[in-house]
Engineer: 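Attaching a single structure in structure tokens format; questions to follow.
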Amino acid sequence: MKFRLCHLLLLFTFSASLHAVFGLNNEGVALLSLLRRWTSVPYSLRSGWNTSDSTPCNWVGIECDSKNNVVSFNLSSYAISGQLGPEIGHLRELEIIDLSSNDFSGNLPEALGNCSALKCLDLSCNRFTGQIPDNFKHLQFLSALVLNNNSLEGEIPESLFQIPGLQVVLLHFNYFNGSIPSNVCDMGEVELLWLSGNRLSGTIPESIGNCSKLQALLLFDNNLVGVLPESLNNLKNLIYLDLQNNSLTGSIPLNFRNCKDLKLLSLSYNNFSGEIPPELGNCKSLESLLLHTNQLEGRIPAELGLPEQLSRLNLSKNRLSGKIPPELGKCRSLEILNLWKNQLEGRIPDELGMLSNLRYLKLSSNNLSGEIPYIIL
Ligand SMILES: *[C@@H]1O[C@H](CO)[C@@H](O)[C@H](O)[C@H]1NC(C)=O
Ligand SMILES: *[C@@H]1O[C@H](CO)[C@@H](O)[C@H](O)[C@H]1NC(C)=O
Ligand SMILES: *[C@@H]1O[C@H](CO)[C@@H](O)[C@H](O)[C@H]1NC(C)=O
Ligand SMILES: *[C@@H]1O[C@H](CO)[C@@H](O)[C@H](O)[C@H]1NC(C)=O
Ligand SMILES: *[C@@H]1O[C@H](CO)[C@@H](O)[C@H](O)[C@H]1NC(C)=O
Ligand SMILES: *[C@@H]1O[C@H](CO)[C@@H](O)[C@H](O)[C@H]1NC(C)=O
Ligand SMILES: *[C@@H]1O[C@H](CO)[C@@H](O)[C@H](O)[C@H]1NC(C)=O
Ligand SMILES: *[C@@H]1O[C@H](CO)[C@@H](O)[C@H](O)[C@H]1NC(C)=O
């Protein structure tokens with residue numbers, strides 16, 4: 001009898017201490033373990049993450065579902081520095097992680113791959129280093145992967161593009177190398193592919209034309225080579241195509257039949273040759289056409305006068321010849337017209353005087369002649 005009482009007492013004290021230490025649920029404990037790795041944390045967070053709570057559901061940056069599972073972890077712009085620990089993997093119901101615009105460093109924890117309900121992972125604008133862990137492929141519900149503006153390196157894992165609903169892929173301004181994975185469009189859901197400012201080499205894969213929902217393809221400031229895949233013609237929903245500052249060659253093999261939403265086309269700082277396709281005039285939404293610093297030749301097509309929203313036209317530093325087409329005077333939205341350093345000849349058309357929004361005009365280093373139209377002066 002005495003033994004049993006003791007035993008009960010022991011049990012009681014044990015469970016009481018359990019309550020004191022583990023009053024906070026596992027997810028709260030995991031969050032506190034994450035916090036301990038941070039060297040700089042704002043006061044609102046340090047004081048607001050209260051160990052006496054039973055759940056972290058009222059903590060700064062945390063949202064839970066009705067069962068008190070943490071579903072959103074958002075500490076964007078909290079000036080936190082330190083590492084992101086593997087304890088993040090204990091938050092199994094997380095759908096949103098937004099730790100963007102802090103000062104996190106170190107590797108991306110492999111344990112992120114355990115947050116299998118994740119839909120949005122935004123770690124942009126930090127100082128993360130190392131590679132994207134291969135087990136990110138386990139994030140089968142991921143729709144947005146936002147890792148831009150870090151110091152990540154290595155190749156972009158092909159396995160990412162086996163995630164069925166991946167729509168937004170922002171990996172720009174890192175140190176990724178290797179090629180653009182050729183399976184990038186296998187799932188066909190990618191809408192925004194922003195890989196600019198890395199060290200990507202190789203060609204733009206022909207399979208890019210399978211990304212039928214693609215709205216933005218931003219690959220500028222890389223080391224891409226080769227010709228443009230003709231399959232780009234299939235991308236009916238494209239709004240932004242920016243391939244500036246690579247080493248792309250060949251002609252511009254696009255028929256511009258499916259370009260009704262295209263607002264930006266930038267192929268500048270490459271080695272494109274051949275003529276400017278007159279079909280660009282079909283792109284009714286075109287706002288910026290930037291083809292400068294290439295080897296383009298032939299005439300400026302009169303059809304460039306057709307897109308009514310065109311506000312930036314830069315064809316400088318090419319080998320364009322012939323006259324400036326008077327039709328350019330129809331681009332009433334034109335603010336910037338730069339035809340510098342070509343081999344254009346003849347008189348500046350009076351029609352350019354109709355460009356009432358023009359605030360930058362550069363025609364020098366050509367072979368223009370005749371009087372400068374009074375209306376421009
Ligand atoms: C933490 O919660 C306990 C109990 O609810 C409360 O007494 C205490 O003041 C809280 N601490 C902070 C820093 O808010
Ligand atoms: C995180 O919070 C910030 C500020 O409240 C908000 O602007 C941002 O959209 C949130 N992130 C996500 C992914 O919901
Ligand atoms: C992640 O899952 C793996 C396999 O299920 C497991 O071994 C590992 O401990 C988990 N890590 C975390 C931090 O939960
Ligand atoms: C990419 O960079 C890594 C180092 O981050 C290097 O080991 C690898 O060889 C590079 N791969 C290519 C294709 O350049
Ligand atoms: C993807 O594109 C390639 C090359 O353009 C083509 O051969 C392939 O059949 C396409 N795959 C799908 C699934 O559409
Ligand atoms: C081209 O990209 C490189 C980095 O890839 C950058 O250093 C350089 O300034 C860029 N050049 C132009 C003209 O934008
Ligand atoms: C472009 O081609 C010319 C010769 O055709 C070559 O000299 C130059 O290096 C090339 N530039 C780039 C950026 O590839
Ligand atoms: C410039 O035009 C004149 C005739 O207007 C022609 O004689 C000359 O060869 C041209 N120069 C160049 C570099 O095309």
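Predicted model only: the values in this text are computed from it and were never measured. Atoms within a ligand are numbered from 1 in the order they appear, just like the ligands themselves.
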Engineer: Counting only heavy atoms not in K236, do more than 12 fall under 6.0 Å of its NZ?
Structural biologist: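 Counting neighbours around NZ of K236, 12 or fewer heavy atoms of other residues, nucleotides or ligands fall under 6.0 Å, so no.
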
Engineer: Check ligand 4 against E153 and write out every atom of the ligand that is under 4.0 Å from a heavy-atom position of the residue.
Structural biologist: 5 (O)

Engineer: Please confirm whether D53 comes within less than 3.5 Å of ligand 1 when only nitrogen or oxygen atoms on both sides are compared.
Structural biologist: no

Engineer: Is there at least one pair of N or O atoms, one from N177 and one from ligand 4, spaced under 3.5 Å apart?
Structural biologist: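 Between N177 and ligand 4 (N or O atoms, distance only) the closest approach is under 3.5 Å.
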
Engineer: Check whether more than 12 heavy atoms from other residues, nucleotides or ligands sit under 6.0 Å from atom CG of N58, and answer yes or no.
Structural biologist: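 12 or below, so no.
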
Engineer: Give a yes or no on whether a salt bridge exists between E93 and K67, defined as a side-chain N under 4.0 angstrom from a carboxylate O.
Structural biologist: no

Engineer: To the closest 0.5 Å, what do you measure between CD1 (I88) and CG (L99)?
Structural biologist: 6.5 Å

Engineer: Give a yes or no on this: more than 12 heavy atoms of other residues, nucleotides or ligands lie within 6.0 Å of atom CD of E308.
Structural biologist: no

Engineer: So do L264 and R312 actually touch side chain to side chain, heavy atoms under 4.5 Å?
Structural biologist: yes

Engineer: Against heavy atoms of E155, which atoms of ligand 4 measure under 4.0 Å?
Structural biologist: 13 (C)

Engineer: Pick one of side chain, backbone, both or neither for how S47 approaches ligand 1, counting any non-hydrogen atom pair under 4.0 Å.
Structural biologist: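 It is the backbone that gets close, since no side chain atom is under 4.0 Å.
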
Engineer: Give me the atom names and distance for the closest heavy-atom approach of N233 to N255.
Structural biologist: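 It is OD1-N, 2.9 Å.
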
Engineer: Could E191 and K213 be called an ion pair, given the rule that one side-chain N must be under 4.0 Å from one carboxylate O?
Structural biologist: no

Engineer: Tell me which residues fall inside the under-4.0 Å heavy-atom shell around ligand 6.
Structural biologist: D221, N245, Y269

